[in-house]
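Just below is one structure, and these are the notes that go with it.
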Amino acid sequence: MRSVLALALIFILLAVLGPVLAPYDPAAINIPNRLGPPSADWLLGTDALGRDILSRLLHGARWSLGLAFLISVIGLCIGTVVGLVAAQGGKLADWSVMRTTDTFLAFPELVAAVVIAGLLGAGTGTLILALSVTGWMRYARVVRGIGLALKSRGYVVQAKLAGMSPLVIAHRHYIPAMMPSLIVVWTGMFAHTILGISALGFLGFGVQPPTAEWGTMLLDARIHIRSTPLQMIWPGLAVAISVLAINLCGDALRDSLAARNS
Amino acid sequence: MTPGILGLLLRAIVVVSGAAIATFVLLWNAPGDPAFAIAVARYNTIVPTDVLDQVRAEAGLDAGFWPAFRAWIGPLLVGDFGRSSVTGRAVWPDLVRALGYTAPLALAALMIGLSIAFPLACLAAKKPGGVLDRCAVAIASVGAAIPPYWLGLLLILLFAVQLAWVPAMGARTAAHIILPALTLGLGVAAALTRIIRSGILEARGQGFLPAFTRRGVSRRSIARDHVAPHAAIPVVTVLGLELAFLLEGLLMVEVIFGRPGLGGFLVHAIETRDFPRVQAVVLLTALIFVFVNLAIDIFCRVLDPRIGEPGA
Amino acid sequence: MLTIDAVSAHRGKLMALSDISLTLDRGKTLAVTGESGAGKSTLIACILGLLKPSGGTITWSGAPVRTCRPALVMQEPRMAFNPALPLLQSVLEPLKARRAMVLPDRLTRLCKGLELSPELLDRKPAEVSIGQAQRAGILRALVAAPPLILFDEPLSALDSVTQKHTARLIAELQAEEGFSSLIVTHDLGYACACSDRIAVLRSGRIEEAGTPGSFVAAPQTEYGKKLRDAAFALGALEAAE
Amino acid sequence: MTLSVSGLCAEHSGRIILRPTSLDIEPGVRIGLVGASGSGKSTFGHALTDDLQARGRVVSHVPQSPDEALDPLRSMAFHWREAETALGVPHNAQRQRELLQSLGIAPGDLGKRPWGWSRGMQQRFVIAMALIGSPELIVLDEPTSALDPVVAADTMNLLDRFLEGCQTAMILITHDLCLAARRVAQLMVMHDGQIVERAATADLLHRPETEAARALTAHRSWLALPC
């Protein structure tokens, strides 16, 4: 599992340091050198406008991973608040909050995101909005579930009887108990969001060209599938490996937490 | 049992109404003037403001949110999805035609997914932590990480471009369904394998099973009569939620393979700002999702009537 | 003194307690016994204020019970402690909530009485035996010196030797500290051994109440007699005495 | 025929729970197995059952709580049929009625699932199922601790009466020496994964020989409380 962590770390480092490591300007057009094969100068070749694919991938990591991180954290915040309201607010609040959550769940995430991003006009802002609005329900369900279970747990009842304030109880008992599950859900959503961002990019509703983003790069490469198939390998591979690394990290985390709890 | 199922129905109705309102809110707040879009579609030209106002009044758009909502939802309740604001054609027949392409694809993908995932998961669950199990989990993990659109392109590259075994784009012949179904089916299989495997493992860890072994019940009977039903409940429940995954995959795959199904229908409708069509697709997916999950909830409660009862 | 006056309570639509009246004097012990579902836990929840009675009043020397901050010892000892925290942290919660000082002498004395070493309290709940966890639970109940402690099946998770050992420690500490205790238990043997008065609960009503001696010698009701005979049959009560 | 086992042992993740143990059980005898929690009583019960069954003897085991013996998704009738099939006997409604009746099980609805019955009735049903094949030995693991006293006492009385004159031997596993003393003629004391003492009930109560037995007898009744 250490190798998985290392892989995930490498990807995060690449996302942070990408622009420094990139050998070329990702937007530098070089028509004479278009659709170039991998070579010593252009390690992964060049695209239809002669731009260096490696540089674009490295810059793209920042968009794909960075945006996914931001969006999954926004979802985490919304979901936690909603879940806490459901768990603590009494029966009526619980019912209405959970039906709202069900309503949002009824729209397949990507379909809703496509509609939102498409109707509000494609762009980075609407991308963030679309994926945040559709990405908080899982957190809410987890937080609500744990919150309801904790309510009747012996030690929470004891703390209440001792006369501790709700804030202290939340800090002392609720948050530590929810953290592990939330982190596991968060890694899952992080990976899921990377897929979502590139899917929107691929459909043309995400980050707009000329910004390098893995989904849009794939969209560009698709036209040249017959002439230079290698072009479409790279961005897809980048998405797949980063999603895999994050998912495996989540699995490892879940297993180690499960082992600690038993 | 009956009040429980009535409760579920009520819940489904609440969720569907919520979905309708949410759809309308989104469209209401979308930039651009819907009256303009409708008028352009109807008269096929830029129209003067008084005509625009007339259209707005007809569609109930000038009366504020709730009257407009009522004007919108009224026909919907009797199954009238209206007319496309771009082509002027009725939405419903077009939608049904698109569904005619999407439904077989979804079914084929589900069959492929199940026929891979089920044996793989059973094999994996035979000896948890064993070589087979690790392989199955690894395959499923990799499968779940591959974006469906990329997988689709890879399959096109391999089977349509390099080997030229099957056609890729469009939906003219029956063979056209092979690649999209495979793309989607592999993704479904990856997701299902993990769900089924953990469902079986969980069901097998139940505290009462050792007593059955000691009573002399054969391993086969235990697996069939006591493990399978207990595994079915969580598996089917998660399946219902994963339906969203299938619908998303359909959208992507249909776009990649240029199939004239719901996915292409939706993307095209969004690009042309054809609101009635967008509404129709969004509502339809929400309806499918809600009712499939309703059916699953009812199935689980028939299997175990304790679910959903207070104090269970 | 604890006064329970004509208390009724509902669990959902179900009438869980009806017209319960009991008193408990300072420093004395009242045992409440009965079968599961008889309303024992509901009674405790009402006294602690976790459940609002639908009728009647519960007071401690004329004031609401809450003002005396009663403590509770629970049935599942490990569940009563946050699994992630050392026992001591949970044990000191009542003091922390009151912003009260920890008196090291008192703590040492209580620990000694409960046969708990300071080293043991630094462990997490999963790392101590169930009997030790229960003694830590009693320590937590005692630490802020409440005048009233409620025991909800305090021994039922323990084995028979540990049960008797723990019961003796509770009795000794009560003699020393002078708190009143209300003990809910389905074990008639324990109920009779530990209490000054015993009340038998059945489907939310008090079937009979009296001193343990008179109850064992001559139960007033048919049901009481059944309970006593069952206790004999299971060895919970010794026949000859 | 006397049942005998030898060299019975068990370990769990490297920790020895049961040291090599041998035991003879005469037909019809009733033995109590007592010991503190964690002494390995339940493990012994499981190991004994499994070992004898593997050697083709008819032995049944009744777990502590009916939750550990019944599938909540299956009806009571299903459980009964399944137990008959497992023993290889045809369905016998007459025998079923007899067994249920002698254990005081109200002719309830066999089509219901376990949770449609009270816990006491579930436990009796499990005991009745254990008796279908007229076993040579029935092992009861804390049969009373999950039940209310009145129901538990009734159950034990009914079982006693049923076993009267049967060839079926019984092992009663419990942490409660007083309970065992009321119910059986012989006692075995388990300590730290070993049977350290076996004696007639009266002898053990009055002249315990080992440290473990002395601890149990010293704390057997409630009378020692200073109040």
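Residue numbers begin at 1 in each chain, while the letters A, B, ... track the order of the sequences.
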Checklist line | Plane angle bin for H79(D) and F212(B) - parallel if under 30°, tilted between 30 and 60°, otherwise perpendicular | finding: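 Plane angle between 30° and 60°, so tilted.
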Item checked: By side chain to side chain donor-acceptor pair (under 3.5 Å) - contacts of T155(D) (at least two apart) ->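 With sequence neighbours excluded, T155(D) shows a side chain to side chain donor-acceptor pair (under 3.5 Å) to R124(D), given in chain and number order.
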Next item on the list: Could you tell me whether R134(B) atom CZ has more than 12 heavy atoms of other residues or ligands within 6.0 Å of it?
Entry: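 Incorrect, the count does not exceed 12.
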Next item on the list: Check whether more than 12 heavy atoms from other residues, nucleotides or ligands sit under 6.0 Å from atom CD of Q101(D), and answer yes or no.
Entry: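 No - once you tally the heavy atoms of other residues, nucleotides and ligands closer than 6.0 Å, there are 12 at most.
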Next item on the list: Measure from the side-chain N and O atoms of E68(D) to the backbone N and O of A211(B), and report whether any donor-acceptor pair falls under 3.5 Å.
Entry: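 Answer holds: no.
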Check: Under 3.5 Å, is there a donor-acceptor pair between the side chain of R113(D) and the main chain of D304(B)?
Finding: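 Pair absent, no side-chain N/O of R113(D) close to backbone of D304(B).
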Closest heavy-atom contact between [X] and [Y]?
X: F208(B); Y: P72(D); result: CE2-CD, 3.5 Å
X: I233(B); Y: L73(D); result: CD1-CD1, 4.3 Å
X: A86(D); Y: R215(B); result: CB-O, 3.5 Å

Next item on the list: Look at H61(D), Q53(D), E82(D) and state which one has the largest set of heavy-atom pairs under 4.5 Å with chain B.
Entry: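 Of H61(D), Q53(D), E82(D), E82(D) has the most heavy-atom pairs under 4.5 Å with chain B.
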Check: Taking G133(D), A69(D), P63(D) one by one, which has the highest count of heavy-atom pairs under 4.5 Å against chain B?
Finding: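 So the answer, after comparing G133(D), A69(D), P63(D), is A69(D).
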Next item on the list: Can you tell which part of S60(D) gets under 4.5 Å to a heavy atom of chain B, answering side chain, backbone, both or neither?
Entry: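 Neither part; nothing is under 4.5 Å.
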Check: Got a second to check how far R74(D)'s CZ is from D225(B)'s CG, nearest 0.5 Å?
Finding: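 Taking CZ in R74(D) and CG in D225(B), the distance rounds to 5.0 Å.
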Next item on the list: Assess whether side chain to side chain contact (heavy atoms under 4.5 Å, CB included) is satisfied between Q206(B) and D71(D), documenting all intermediate values.
Entry: CA-CA 9 Å; Q206(B) 293 172 112; D71(D) 182 344; 5.7 Å; no
